[in-house]
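Got a structure for you, questions after.
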Amino acid sequence: MTGKKDPKAASVLNKDDLIVIGGAGGFIGGALARRFHDQGFTRIRAIDKKPLSEWYQRVPGVECLCMDLSREKNCRRACEGAVEVYNLAADMGGMGFIERFRIECLRSILINTHTIESAYRAGARRYFFSSSACAYNVELQKSPDVQALKESDAYPAMAERGYGWEKLVSEMFCQEYWAERGFETHIARFHNVYGPWGTWDGGREKAPAAICRKVIEAKDTGAKEITIWGDGHQTRSFMYIDDCVEGIDMIMHCDTLIATPINLGSSFLISVNDLVSLAEGIGGIKLDRRYDVDAPKGVGGRNSDNTFIQQVLGWEPSTPLKEGLKKTYAWIEKQYKDRKAGKRTVS
Ligand code: NAD
């Protein structure tokens, strides 16, 4: 292991240092706010453009601001007094969203552009950017039998149109703020993240949540069939949310990883068909499969090469998919039942 011995916020920051989290009304930002709160940090500022009633998690004692971070004035306000700034805000969703709404995805460039400048001007010590595996060259991801992606595979660049290019350019901003201005930035390329408190319905949800919901719905309605996007052979890896926020914390506080994009994802590859079987197993049901080959399905295969993160942090996301999916399924089932009963739910 290189870098600091224990590179985490708890060992690097004072408990009253101000931590700013953009996109904290969403899945990962909300989980990060909760993590820092549970660790005893007393000054956390959470920001999201959604009205407070739509935030996935509202953590007691955390300052919540509803502001659009694509506007410079708001970013200045958001970053006032910040010691660390985490940018988890983006207009995004699963394949159904990012293939259809490329302009919205590209516009997230404004969020990073103004937030990083504001963090720099505010004198923040560190800045974190949430990049994505969609920044990788799509030519390398055609086959389900994919070779895991290593960090250097982003170039020569041929990112996912819209969303992936926005991530790649924002990464470059982070690298240049360090190179030209000496502002410490950290960049993680997330591979599919799933877990409780994530989007599970409405069009922005990703495969694990969508599949759990469909199985739960079939059980409830007595439907015999499940619709799968694509031919079901496409492969992915899925990282549980607890691993994701732990990884963010480690990456942000590792000196070796300044301005250096790194994979943050599971290296356990699974096909969508097998993911459906896992969810069916949890639900105790077997469904007939109907394949919608015209639906958005993304690249043929994608996996995370974790050689670099292992080398630098001596760690990688390790929650077994079966275990994480069980917790996710249970949480979505409760959301589903609550919604049916007319109660307030997430997404
Ligand atoms: P999410 O949609 O749950 O959260 C993003 C939040 O950003 C939302 O609550 C949204 O309202 C907010 N937001 C959007 N535009 C904003 C603006 N202009 N000002 C303020 N807030 C704004 O998504 P998530 O899964 O939590 O993703 C967080 C970050 O991680 C994003 O940058 C995303 O691109 C990246 N990422 C996520 C995954 C994944 O699998 N979830 C994979 C790769 C990368």
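Both counts, for ligands and for their atoms, begin at 1 and track the order of listing.
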Check: Glu117/Tyr177 side-chain N/O donor and acceptor closer than 3.5 Å: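 A pair is found: one side chain offers a donor N or O, the other an acceptor, under 3.5 Å apart.
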For Ser143 and Asp145, does a side-chain donor sit closer than 3.5 Å to a side-chain acceptor?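 No.
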Do Asn263 and Tyr136 have a side chain donor and acceptor closer than 3.5 Å?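 Present: a donor and an acceptor within the cut-off.
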Contacts table for ligand 1: protein N or O within a distance under 3.5 Å of ligand N or O, distances only.
from, atom 1, to, atom 2, distance (Å)
ligand 1, 3 (O), Phe27, N, 2.9
ligand 1, 7 (O), Ala90, N, 3.4
ligand 1, 9 (O), Gly26, N, 3.2
ligand 1, 9 (O), Asp48, OD1, 3.3
ligand 1, 9 (O), Asp48, OD2, 2.7
ligand 1, 9 (O), Lys50, NZ, 3.2
ligand 1, 11 (O), Asp48, OD1, 2.6
ligand 1, 18 (N), Asp68, OD1, 2.8
ligand 1, 19 (N), Leu69, N, 2.7
ligand 1, 21 (N), Lys49, N, 3.2
ligand 1, 26 (O), Phe27, N, 3.3
ligand 1, 26 (O), Ile28, N, 2.8
ligand 1, 32 (O), Ser130, OG, 2.8
ligand 1, 32 (O), Lys167, NZ, 2.9
ligand 1, 34 (O), Tyr163, OH, 2.5
ligand 1, 34 (O), Lys167, NZ, 2.9
ligand 1, 40 (O), Val193, N, 2.8
ligand 1, 40 (O), Lys206, NZ, 2.9

Donor on one side chain, acceptor on other, Thr319 and Asp243, under 3.5 Å: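 A donor-acceptor contact under 3.5 Å links the two side chains.
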Those residues that, when tested against Thr307, pass side-chain hydrogen bond (donor to acceptor under 3.5 Å, both in side chains) (two or more places apart):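 Only Asp305 meet the side-chain hydrogen bond (donor to acceptor under 3.5 Å, both in side chains) criterion with Thr307.
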Under 3.5 Å, is there a donor-acceptor pair between the Tyr127 and Asn112 side chains?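 Checked: Tyr127/Asn112 side chains pair up, N/O donor to acceptor below 3.5 Å.
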